[in-house]
Amino acid sequence: MSEVPFQRRLERQLIRQQARIEAGAGDRWIPTVVVVLLGAVLIRAGLDRLDALDTGRNLAAYSQSLWLLSEGKMPEASLFGPDVHVLERNWTFILYPLGALATVVPAAELLIVVQSAALAIAVLPLWWLARSVAKLRVGAATALIGAYALHPATHRLGTEDFNPASLAVPALIAMAFFGATKRWPWYWAAIAFALACRADLGLAVALWGFVVLGSRERTVGLWTLGVGLFWSLGLLMIVHPIIGQTPLAPETFGGTDGTFLGDVLLDAVRDPVRVVQDLVARENITLIVGLLAPVIFLPLLSLRYLAPALPLGVLYLAAGAADEAIFAERAAMLLAFVLIAATYALNRLGNMGVDRVFLDVRILSTLAAAAMLIFVADSPISPYERPWEWDRQTSVDASIMEAIELIEDDVAVRASPAALAELSDRDWIFALDTEQEPVAALAGFPDYTLAVLVVDEQIPERTQSSREAFDQGMTSQGFQLVYDENGVALYSRQDGDAVVPDG
C-alpha cells in the first residue's frame with residue numbers, strides 16, 4: 001500500500017518537470033547543448049583529420065583561394081585549373097568575407113571551423129521550425145535534432161572535405177522557418193546567405209516560392225521565385241558564357257564540382273538514355289537512401305516541402321553524384337530539405353492537443369533508434385572508425401611534413417593529395433595525378449615547377465621497377481631526389497630560366 005503514494009508522487013514530479021521543460025526550459029537548453037556538442041565534435045574531428053593529412057582535395061583548393069584573397073591577390077587557385085577564378089566555382093561570394101578572416105587565421109583551419117560551426121548552428125532553425133511551426137512537443141523536437149546531429153551526412157559534410165554548399169544548410173532551414181513565421185527581413189537574409197554560398201541553389205530557392213504561394217503569400221512567393229531564377233539562371237546560364245567560361249574540364253581539380261548546369265540540361269536532350277542511366281546508378285540510389293534512412297523516410301510523407309529540392313537534386317545526381325570528392329555538392333542541399341520535410345511529416349503523423357502535437361512514442365523511439373544505429377554503422381565518426389586516434393600521425397605523415405619543410409614558400413610544387421592542404425599557402429601548387437602510376441617522362445612538368453612531392457601509398461600498385469622508371473624520368477627533366485623516407489620522395493631542381501606564369 002505504501003508504494004501507491006510514492007508512485008503518485010513520482011508521476012506528479014515527472015509531470016511537473018515535463019511542464020517546466022515545455023514551458024521554456026527545454027527551448028533554452030536543449031538546442032544550445034546540441035549545438036555546442038555537435039560543433040565541438042565536428043571541429044575536433046575535422047582538425048584532427050587535417051593534422052593527420054587525411055582531408056579532401058577541395059579543402060586544399062579553397063584554402064589556396066582564401067590565402068590568395070588574404071594576400072590581396074586575384075583568387076585564381078592553381079588547384080582549380082589554369083586561370084580559374086574562385087567565383088567561377090558556382091559564384092561563391094561567401095568566400096570573400098572568409099578571405100578577410102584568413103588574414104589572421106590559417107585558411108585550412110578557418111574553413112574547417114566555419115563549416116563545422118555552420119552545420120552545428122543548423123540545429124537552431126530546425127528546432128524552432130519543429131517547435132513554433134510544426135508545434136511538436138519537446139520530445140519530438142529533440143528526437144528530430146538528434147537524428148540530424150547523428151546523421152552520417154552531417155558528419156561527412158563536416159569532417160571529410162570543404163564545400164561552400166555545406167554553409168548553406170542552416171540558411172535553407174532558416175528560410176523555411178522565417179517564411180512560415182512571416183519574419184520577412186530574416187527570410188530574405190537567409191535566402192541571400194544561401195545564394196552567396198552557391199548560385200545554383202537559386203533553383204531550389206525559386207521552387208520554394210511555390211511553397212510560399214501555397215501559404216497564400218502571393219507577393220513574397222512571386223518575389224522568391226523571381227529572385228531565385230534570376231540569380232541562378234542569370235549567373236550560370238547568361239553571365240558564365242558571356243565572360244567566356246566553359247564547364248570545367250574533367251581533368252581540372254575538383255572533378256565536376258564546377259559543372260555548368262546548362263550543359264547537364266543539354267546532355268539530357270542529346271543523350272537522355274545515358275543521363276537516366278547515370279541518374280539511377282547504384283551509387284546515387286545509395287546516396288538517396290543514406291539521406292532518408294536516418295529519419296525513417298519521413299520526408300516521403302511530406303513531399304510538398306521536399307519537392308523544391310528535387311529538380312536541382314536530379315541535376316546534381318545526373319552530373320555524377322557518386323564522386324566521393326564532391327559529396328557535399330550533392331548532399332548538403334538535399335539534407336536541408338530532407339529535414340524540413342521530416343519536420344512537417346511529424347506534424348502530420350501526430351494529433352493536435354491544446355497547443356502542441358502529440359506523437360506516438362513508438363514513432364519517436366523508431367526515429368531515435370534508426371538514427372543511433374545508422375550513426376554507429378555508417379558515420380565517418382562512428383566508434384568503429386576510432387576518431388579519437390585521427391590526430392596521431394603515422395611515420396608516413398611525419399615524413400610528408402619533413403619533406404614539406406624542405407620546400408621554399410615561393411616555389412611552385414606538384415604534390416600528392418595528402419600534402420596539398422599543408423602546401424596551399426603559395427601561389428602555385430598542382431595536384432599530382434595518383435589515379436595511375438605517374439610517369440615523369442610523360443607528365444610534362446612545366447619549367448616553373450621546381451619541386452615534386454610523391455607519396456607512394458597514394459599510388460595504386462606501385463612497384464619497385466615503376467619507381468625506378470619514375471626516378472629516371474625525373475632525372476631526365478633536371479630533378480634531383482633530395483628526400484626519400486617511408487615512401488615519401490621529394491624531387492627538386494634549380495633552374496634559373498624557370499618562369500612562373502603571370503596571374
Audit row: Phe193, Met175, side-chain contact (heavy atoms from CB on, under 4.5 Å) steps and yes/no: CA-CA 10 Å; Phe193 188 92; Met175 174 188 70; over 6 Å; no
Side-chain donor/acceptor of [X] to backbone N/O of [Y], under 3.5 Å:
X: Thr92; Y: Ile94; answer: no
X: Thr224; Y: Gly209; answer: no
X: Arg49; Y: Thr55; answer: no
X: Glu422; Y: Met401; answer: no

May I ask you to test the [X]-[Y] pair for a side-chain heavy-atom distance under 4.5 Å?
X: Trp208; Y: Leu225; result: no
X: Glu457; Y: Val396; result: yes
X: Leu291; Y: His151; result: yes
X: Val138; Y: Arg356; result: no
X: Pro170; Y: Leu124; result: no

So which atom in [X] and which in [Y] form the shortest heavy-atom distance, rounded to 0.1 Å?
X: Ala342; Y: Val295; result: CB-CB, 4.4 Å
X: Gly26; Y: Pro31; result: O-CD, 3.3 Å
X: Val86; Y: Phe80; result: CG2-CE1, 4.4 Å
X: Ala176; Y: Ile340; result: CB-CD1, 3.7 Å
X: Ala143; Y: Leu364; result: CB-CD2, 4.4 Å
X: Ala134; Y: Val357; result: O-CG2, 3.6 Å

Take Leu203 and Leu315, measure what side-chain contact (heavy atoms from CB on, under 4.5 Å) needs, and give me the verdict at the end. CA-CA 11 Å; Leu203 180 57; Leu315 291 175; 4.1 Å; yes
Please check if any side-chain donor atom of [X] sits under 3.5 Å from a side-chain acceptor atom of [Y], or the reverse.
X: Ser166; Y: Asn163; result: no
X: Trp127; Y: Asp27; result: yes
X: Tyr316; Y: Asp200; result: yes

Give, for atom [atom1] of [X] and atom [atom2] of [Y], the distance between the pair rounded to the nearest 0.5 Å.
X: Trp184; Y: Ile191; atom1: CH2; atom2: CD1; answer: 9.0 Å
X: Gln115; Y: Leu167; atom1: CD; atom2: CG; answer: 6.0 Å
X: Leu50; Y: Ser63; atom1: CG; atom2: OG; answer: 8.0 Å
X: Arg198; Y: Met333; atom1: CZ; atom2: CE; answer: 9.5 Å

If you count the non-hydrogen atoms of other residues, nucleotides and ligands that lie under 6.0 Å from CH2 in Trp186, is the total more than 12? no
Are [X] and [Y] close enough that their ring centers fall under 6.0 Å?
X: Phe375; Y: His155; result: yes
X: Tyr187; Y: Phe177; result: no
X: Phe93; Y: Trp231; result: yes

Verdict with supporting geometry, Trp388 and Asp48, side-chain contact (heavy atoms from CB on, under 4.5 Å): CA-CA 9 Å; Trp388 53 86; Asp48 284 348; over 6 Å; no
Are Asn284 and Val280 close enough, and set up right, to give a side-chain contact (heavy atoms from CB on, under 4.5 Å), and what steps lead you there? CA-CA 6 Å; Asn284 288 338; Val280 298; over 6 Å; no
